Asker: 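What follows is a structure written as structure tokens; I'll ask about it next.
None of these values were measured; they are calculated from a predicted model.
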Amino acid sequence: MPPPPPQSPLPRAFFDGRAEHVAPLLIGRVIEHRTPQGAVAVRITEVEAYEGQGEDPAAHSYRGRTPRNAATFGPPGHAYVYFTYGMHHCLNLVCRPEGTASAVLLRAGEVVAGVEQARARRGAAAAARPDRELARGPARLAQALGLDLRHNGLDVCDPDGPLRVLPGEPAPSDRVVAGPRTGISTAAELPWRFHLSGDATVSPYRRHTPRRRAGTPRPGGTS
DNA sequence: GCTGCGATTGTCT
DNA sequence: GACAATCGCAGCA
């Protein structure tokens, strides 16, 4: 069987809208990262929308532009990669015109090409795990794709670029479910998390768990 | 300059 | 279910 014809990336206009509107349209699309070691492609099954400055308290850009979040203020169709918890990277896709901060966090997906490469990147933790968990969770997805801060700001609409978002097969709207966002401390109630209903690669929902400071006694909860 | 904490995950109980 | 790991960023003095 001959290989399928190469797909062109999604046009920049696709990303030129509010994150909450672009986000559900990304379900079923494919993000591909090509490196000298080979290509890894992930079919997106779960995303979260983050709106811009002053609007969304959970967004990195809520308090305005900083060196870290500068990419989200840039033109649409670019990657915003950030580093968190001292060890994890997460990938966003920038929406809305330059000067307006807005982004979609890619939370989970299914590795559809380059499974061995993705598994190798995920390391020992993934050794005994099924393929469906290779990109289940935002940090795992970024790791499976081999992304870090060096990829911050890449144009995902560039047909010749290493990181591209391909059309894939958009999920039918009746299979895309909206719900509250995961693992954030503020504005988690906004229904800006979208996932493919019933898909095994969607990450489990977790509420934000405030961390205890060293020396702080455990809150004596009589539940 | 100092301090607190995070759009998380893996491991242990 | 609970918690440690680990470091850059943001807020404040």
Asker: For the pair made of CG in A:L93 and P in B:dA7, what is the distance, rounded to whole Å?
Answerer: 18 Å
Asker: Under 4.0 angstrom, heavy atoms only, what part of the nucleic acid is A:R122 near: base, sugar-phosphate, or nothing?
Answerer: sugar-phosphate
Asker: Quick test of your reading of the model: are A:R132 and A:E110 salt-bridged, counting only N-O distances below 4.0 Å?
Answerer: no
Asker: Would you say a side-chain N or O of A:T66 is under 4.0 Å from OP1 or OP2 of C:dC9?
Answerer: no
Asker: Between A:M87 and A:L149, just flag the one whose closest nucleotide in DNA chain C comes earlier from the 5' side.
Answerer: A:M87
Asker: Taking any strand in view, what nucleotide pairs with C:dA2 in a Watson-Crick or G-U wobble way, both distances under 3.5 Å?
Answerer: B:dT11
Asker: Please tell me which of A:L105 and A:Q143 maps to the more 5' nucleotide of DNA chain B, matching each residue to the nucleotide holding its nearest heavy atom.
Answerer: A:L105
Asker: Under 4.0 Å between a side-chain N or O of A:H88 and OP1 or OP2 of B:dT9?
Answerer: no
Asker: Of all the choices, B:dA7, C:dA10, B:dT9, which nucleotide is nearest to the side chain of A:P138 once you look at every atom?
Answerer: B:dT9
Asker: What is the separation between atom OH on A:Y62 and atom P on C:dG11, rounded to the nearest whole Å?
Answerer: 12 Å
Asker: Verify side chain to side chain contact (heavy atoms under 4.5 Å, CB included) between A:R43 and A:V112, making sure each step is shown before the conclusion.
Answerer: CA-CA 6 Å; A:R43 172 175 155 262; A:V112 292; 3.8 Å; yes
Asker: Can you find a side chain N or O atom of A:R107 that sits less than 4.0 Å from OP1 or OP2 on B:dA7?
Answerer: no
Asker: Can you tell me how far NE2 of A:H151 sits from CG of A:L163, rounded to the nearest 0.5 angstrom?
Answerer: 7.5 Å
Asker: Under the criterion side chain to side chain contact (heavy atoms under 4.5 Å, CB included), I'd like the reasoning laid out for A:Y50 against A:R181: C-alpha separation, chi angles, the key distance, then a yes or no.
Answerer: CA-CA 10 Å; A:Y50 288 86; A:R181 292 182 293 187; 3.2 Å; yes
Asker: Give the rounded distance in Å between these two atoms: CG of A:N92 and P of B:dT8.
Answerer: 11 Å
Asker: Can you identify which nucleotide, out of B:dG6, C:dG11, B:dA7, has its nearest atom closest to the A:Y85 side chain?
Answerer: B:dG6
Asker: Calculate, to the nearest 0.5 Å, the distance between atoms CZ and OG1 belonging to A:R107 and A:T201 respectively.
Answerer: 12.0 Å
Asker: What is the distance, to the nearest angstrom, from the NE2 atom on A:H89 to the C1' atom on C:dA5?
Answerer: 15 Å
Asker: Evaluate ring-ring contact (aromatic ring centres under 6.0 Å, His included) for A:Y82 paired with A:H89, printing each intermediate quantity in order.
Answerer: CA-CA 6 Å; A:Y82 69 89; A:H89 296 276; 8.7 Å; no
Asker: Can you tell me how far C1' in C:dC3 sits from the matching atom in B:dC5, rounded to whole Å?
Answerer: 16 Å
Asker: Nearest-nucleotide wise, let me know which of A:H208 and A:R129 is further upstream toward the 5' end of DNA chain B.
Answerer: A:H208
Asker: Picking from C:dA10, B:dT9, B:dG6, which would you name as closest to the side chain of A:R206?
Answerer: B:dT9
Asker: Which part of the nucleic acid does A:A139 contact within heavy-atom distance under 4.0 Å: base, sugar-phosphate only, or nothing?
Answerer: sugar-phosphate
Asker: Tell me: CD of A:E189 to P of B:dA7, nearest whole Å?
Answerer: 15 Å
Asker: For the base of C:dG8 and the side-chain ring of A:F83, does the geometry meet a stacking cutoff of under 5.5 Å between centres and under 30° between planes?
Answerer: no
Asker: With stacking defined as ring centroids separated by under 5.5 Å and planes differing by under 30°, is A:Y82 stacked against B:dA7?
Answerer: no
Asker: Measure from CZ on A:R68 to C1' on C:dG11 and round the result to the nearest Å.
Answerer: 13 Å
Asker: Quickly work out the A:N152 CG to C:dG8 C1' distance and round it to whole Å.
Answerer: 13 Å
Asker: A:R140 near the nucleic acid: base, sugar-phosphate alone, or nothing, with a heavy-atom cut-off under 4.0 Å?
Answerer: sugar-phosphate
Asker: Can you check the A:L106 CG to B:dT8 P distance for me, whole Å?
Answerer: 13 Å
